**Student:** 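My questions all concern the structure below.
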Amino acid sequence: MISTEIERKVTDTKVRTMHAAQITAFRSPIQVDEVPVAAPRADGAVVRVEASGVCRSDWHFWNQDLEWIGLNLKLPANPGHEVGGVVEEVGRDVRTIKVGDRVTIPFHEADGTCPECRAGFQNLCDHSIAPGIQRGGGWAQYITVTAADLNCIPLPEGVDSLSAAALGCRYMTAYRAVTDRGRVQPGQWLAVQGCGGVGLSAVQIAAASNALVVAVDVDDRKLAKARDEGAAATINALGLTPVQVGEAVKDATGGGAHVSLDALGRGFTFHQSIHSLRKRGRHVQVGNHLAGGRGQVAIPVDLLTMMEWEIVGSLGNPHPKYAELLQLVAHQKLRPARLVTREIALNEVTDTLERMTRFDTIGFEVITRFA
Ligand SMILES: [Zn+2]
Ligand SMILES: [Zn+2]
């Protein structure tokens, strides 16, 4: 039985190809090509992708925005880093992950051995590997994973592949930003600046933990979705200066947010965020900036001092934190799949990216048809 299994896998590996959606030129239509399925490393695995999200980070890579921080995308590139699927093949050194396991994969694969990993912060691994950037990603029928025992995160009963893809990046990022980095407490006000995927996730997560949320965006459809996900108040920031947005948040919250999250990543959302804070408030930066600004924003340091504000960053979600997140999803305390507004085919990604350019997508769009 075991030798038959190995023979089958070896034979399959020799002949196996897959459909993969590739960036062949920046800001140009995505091409679906037939490409070989990479063999797993000795410590790695191959996962059959059942659901794969289209994230604003992918949009940033497609726009060549992140090269200045060293995230160089070599073309052709196969993006995608929000995955739910089934383990198809494992390398010879893999111990705990088995063929047939249903898994998700953090967008920050870790080595498990560096000081950050050993301290429990695999999201900050010194040798982090980003699927879809340093190697093939999830906009494909199969994805390879490194250090599979660490980076394949088994899904409990009750968490399907669509939910796994939905929590693969933006939702788990929002989970850490709200709970660990923001430390939002029940009864406190959280301001969410920007109601894209991360923002709506943050609204849902904070509302589920009995925080009060004021959601800010310029699109009434996204604010309506934020109310559906539990926002207690919404502000349409169209035509308002960052200081005026801050005043509106202070009106809505009786003095300002305890925590404010920049879920978009522009100078104006950063400033909206800090001006929304009450004294001793905490700003959490999650959104990435565009290439042109190179992540630079002006900080009013006198206010920082006088108000005793904190400014913190948040990246992904450490591997050990998945256990609690997945339990909350399995028991429907958190519902990432509610934020999936459209399921698409592999050859429809360009349309999604172009609508993201116009900020015309709501929540998550997830590839579920790969043939
Ligand atoms: Zn590491
Ligand atoms: Zn992402």
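First listed ligand is number 1; within each ligand, the first listed atom is number 1. Since the model is a prediction, treat every value here as computed from it, not as a measurement. Note: hydrogens, waters and symmetry copies are ignored here, and every other heavy atom, side chains too, is used.
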**Student:** When you check the gap from the basic side-chain N to the acidic O, do R342 and E348 get nearer than 4.0 Å?
**Tutor:**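 No salt bridge links R342 with E348.
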**Student:** What N/O/S atom of H81 is the closest to the Zn ion (ligand 2)?
**Tutor:**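 Looking at H81, the N, O or S atom with the least distance to the Zn ion (ligand 2) is NE2.
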**Student:** Is a salt bridge present between R118 and E116, judged by a nitrogen-to-oxygen distance below 4.0 Å?
**Tutor:**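 Looking at R118 and E116, the cut-off is not met.
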**Student:** Between the Zn ion (ligand 1) and D111, is there an N, O or S atom separated by less than 2.8 Å?
**Tutor:**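 Within the cut-off used here (under 2.8 Å), D111 does place an N, O or S atom near the Zn ion (ligand 1).
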**Student:** Between D360 and R221, does any side-chain N to carboxylate O distance fall below 4.0 Å?
**Tutor:**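 Between R221 and D360 there is a salt bridge, with a charged N closer than 4.0 Å to a carboxylate O.
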**Student:** With a cut-off of 2.8 Å, does C125 put an N/O/S atom close enough to the Zn ion (ligand 1)?
**Tutor:**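 Given the 2.8 Å cut-off, C125 counts as a ligand of the Zn ion (ligand 1).
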**Student:** Could you tell me whether E308 and R280 have a side-chain N and a carboxylate O separated by less than 4.0 Å?
**Tutor:**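 So E308 does not pair with R280 through a salt bridge.
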